[in-house]
There are 2 protein chains.
Amino acid sequence: MRQIEFIAENEGVDPDFIINGVKNGTIVILNGGRPCGVGKGLRTKVNANIGTSPQRISIKEELKKLSQAIFSGADTIMDLSVGGNITKIRRMLMDDCNLPFGTVPIYQAAKSCGRPEKITLSAILETIEEQAEDGVNFMTIHAGITSNLLDIAEKRKMPVVSRGGSIIWAWMRKNKKENPLYENFDKVLKIAKKYDLCLSLGDSLRPGCLADATDEAQIGELINLGDLASIAREAGVSVMIEGPGHLPLHHIEANVKMAKKITHDAPLYLLGPLVTDIAPGYDHITSAIGGALASWAGADFICYVTPTEHLGLPKEDDVKLGVIAAKIAAHAGDIAKGIQRERQQDDKMAEARANLNWKEQGDIAIDPTKFWGTDGKEPCSMCGNYCVFKTVPPKKA
Amino acid sequence: MRQIEFIAENEGVDPDFIINGVKNGTIVILNGGRPCGVGKGLRTKVNANIGTSPQRISIKEELKKLSQAIFSGADTIMDLSVGGNITKIRRMLMDDCNLPFGTVPIYQAAKSCGRPEKITLSAILETIEEQAEDGVNFMTIHAGITSNLLDIAEKRKMPVVSRGGSIIWAWMRKNKKENPLYENFDKVLKIAKKYDLCLSLGDSLRPGCLADATDEAQIGELINLGDLASIAREAGVSVMIEGPGHLPLHHIEANVKMAKKITHDAPLYLLGPLVTDIAPGYDHITSAIGGALASWAGADFICYVTPTEHLGLPKEDDVKLGVIAAKIAAHAGDIAKGIQRERQQDDKMAEARANLNWKEQGDIAIDPTKFWGTDGKEPCSMCGNYCVFKTVPPKKA
């Protein structure tokens, strides 16, 4: 109950609003040192992915990325490590993290089994339980990709671009069997229930390029996710739905509305959407464009995309740019959604700006460091005496 | 005629389409070494502003910014210099510029007259003529702000944020007279006609914060701009309309559609729109979000906003980020608008990416420098053996 009150206070809503949302499945609570609510009627949240790759394994670097993500204002952290001692890395990161913490357990399971096609159901379930025991708050589970969708998805430009999804795909093809997480979803739910874990139903078949956006494979999986969400709710397990991916601007609203309808308004967690494929190095921007539109249309949770997406593992500076771009997108969407507390920030900034109050601008700015070192003195070198607020001073309120 | 053919070829449209657009006033041709068309049915164009401020006067720096803007893919350049010897700076920049070149002549006129309220009509007209004689291709003219709008705009959080607009405002207040450019628009048209100059009708009362978006002052001026556009067309002078500014996401489409309707589909040239006020240091991102939506809704021309907007004069690196963010926005909007030639780039990138062809990805990327130094070898350090295209290779087309 103290958690609910903390969240309600932070959001500026009544605790009953949160309680009802959780009951209806339109809101999930992500636990952690600083818990947050994700869902309908709440501020859009931002997640930062960190974690090692097989080529870049440095706990020190990951700890730096973690603290940068927290400092820059991420609401949650996910550890996507696939290189090194995954358990050890996760535990060290969790020790330093005061935010809700998420993982993708299939990575650790795949690593422990050697090759994707050698994964066993028990290895996956054991990994989920190990991570839940460690106190992980939410996990991506790739239960929605089913064997009937593979032939359809094979016709795409990019059959599968989800790392976890590709592992399940390879397993199903090799073993000629159904997705073990789909068939044994009840076992996953049992662990989730035991540890009060929130499941994030992964979209293995999210489009990896504009050409594959909103196609049969994607929507086929979404329908599965809707079914799984209903099953989870009945079992008393909270779920979010993960969404695309790469979508052209004019597909975004339709995708959000469709996902919300099919999943009975489950909280929607988007990676992107990236509105073009041709801007590697700037995918924090392509995804901020898509994320803003998606947030406005009803998405509840945005996973950041860093400038190094499609190029390499992000470094500390990339984490900062990714978090800030996603926060801008979330904020812009929240303004359009009508979340008053968010919009008030803009009005305060406008007043500080019109009054040439640089100290206050720095306090309100999404990145106060841009004002550091100015000693509250006028830092702007843009217009000098041609400053519009000197030529035509605004009336004081 | 060779110009029209060059533009039609570049756009992938029939020369008659351009000729008819110019006749109807829905397309303008911006002359210059590499002329471009701006308007309905054409690719969204990107302008980069450069120029000195009173505190930062370095021709060398401005020349670097110019070549960075050209290298990064700007379609046009505007010189907004207000510091130093403006005529000399402009001429040096024009010598190095192979793109359509624009200016805001009121700056030079204000500087030559000392203080805003001392400007004379003849000083403005002489400046316009001097710059036109120098070969400037398009100019922002602040003719739409009229005295009846000042009392309305004074109630805003930010009465006026256009630098040129604030000069005209101060002049009108001090001299208790109507805007000389509005009253003597025929004289401006005469010079424009003589030099085949395209007029960009400036929006002096563009909103400077979300709180002032889409208000009476802004729309009152837009109606004036629509009238002036009709007068210009009758006089055989080509015009664009400048637009906001700071707009929340959910105002953008309405603003674009309204501007198009009121100005009889004149090409629309936007600065932004910035979808939040709280992100100084990242306004290339806030404006990329707004610009993408605006382009999709029908805006034809986007003026870049750099990361230093609201903080200071941009440097060379800021120019690069500004151009690329605006190009991403324009491209994302063009895809949604259905401009096939733009979308084909994304499909080519998707194929190169699925085939792990790093050389080709670099060739297609909006910023090829992100792939430099990789020697065409695999530069991505994200997933290693967990690369989805290794786990599930796409079928070759």
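The sequence lines fix the lettering, A, B, ..., with proteins before strands; numbering per chain opens at 1.
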Sub-4.5 Å side-chain heavy-atom contact between [X] and [Y]:
X      : Y      : answer
A/S166 : B/K390 : no
B/V160 : A/F389 : no
B/I335 : A/V275 : no
A/P116 : B/T391 : yes
A/I167 : B/Y386 : yes

> Does the side chain to side chain contact (heavy atoms under 4.5 Å, CB included) test come out yes or no for A/C380 and B/H310, once each step is laid out?
Replying inline: CA-CA 7 Å; A/C380 186; B/H310 301 111; over 6 Å; no

> Does any heavy atom of chain A fall under 4.5 Å from the side chain of B/T308, the backbone, both, or neither of them?
Replying inline: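 Nothing of B/T308, per the 4.5 Å heavy-atom cut-off to chain A.
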
Non-hydrogen atoms of chain B under 4.5 Å away: do they reach the side chain of [X], the backbone, both or neither?
X      : value
A/T52  : neither
A/K337 : neither
A/R56  : side chain
A/I324 : side chain
A/L80  : neither
A/H284 : side chain
A/P280 : both

Can you tell which of [options] has the highest number of heavy-atom pairs within less than 4.5 Å of chain A?
options                        : answer
B/Q361, B/R173, B/M158, B/K327 : B/M158
B/R156, B/K348, B/Q345, B/H331 : B/H331
B/A279, B/A336, B/C209         : B/A336
B/I289, B/I278, B/L313         : B/I278
B/T286, B/L293, B/I364         : B/L293

For the residue pair [X] and [Y], what are the closest heavy atoms and their distance?
X      : Y      : value
B/A354 : A/K157 : CB-O, 3.8 Å
B/A325 : A/I285 : CB-CD1, 4.0 Å
B/P159 : A/P394 : CD-CB, 3.7 Å
A/L249 : B/A292 : CD1-O, 3.4 Å
A/R343 : B/A211 : NH2-CA, 3.1 Å

>> Could you tell me if B/K370 sits above the aromatic ring of A/Y282, with its cationic atom closer than 6.0 Å to the ring centre and no more than 45 degrees from the axis?
In response: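 That pair qualifies as a cation-pi contact.
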
> Is the number of heavy atoms from other residues, nucleotides or ligands under 6.0 Å of A/E61 CD greater than 12?
Replying inline: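 Enclosed.
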
> Got a sec: does the CD of B/E154 have more than 12 other heavy atoms crowding it under 6.0 Å?
Replying inline: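 Enclosed.
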
> For B/E309 and A/M382, what are the C-alpha separation, side-chain angles and deciding distance, and is it a side chain to side chain contact (heavy atoms under 4.5 Å, CB included)?
Replying inline: CA-CA 8 Å; B/E309 184 79 16; A/M382 190 73 143; 3.5 Å; yes

> If only atom types and distance count, is the side chain of A/R353 paired as donor or acceptor with the main-chain N or O of B/D277 below 3.5 Å?
Replying inline: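 Such a contact is found between A/R353 side chain and B/D277 backbone.
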
> side-chain hydrogen bond (donor to acceptor under 3.5 Å, both in side chains) with B/R115: which residues, sequence neighbours excluded?
Replying inline: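 Only B/E117 meet the side-chain hydrogen bond (donor to acceptor under 3.5 Å, both in side chains) criterion with B/R115.
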
>> List the residues meeting side-chain hydrogen bond (donor to acceptor under 3.5 Å, both in side chains) with A/K320, not counting sequence neighbours, and say none if there are none.
In response: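 Expected list: A/D367, A/T369.
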
> Can you list the steps and then say if B/V388 with A/W169 is a side chain to side chain contact (heavy atoms under 4.5 Å, CB included)?
Replying inline: CA-CA 10 Å; B/V388 293; A/W169 176 309; over 6 Å; no

>> Please rank A/D347, A/I366, A/N385, A/D346 by heavy-atom pairs under 4.5 Å with chain B and give me the top one.
In response: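 Sorted descending by pairs with chain B, the first entry is A/D346.
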
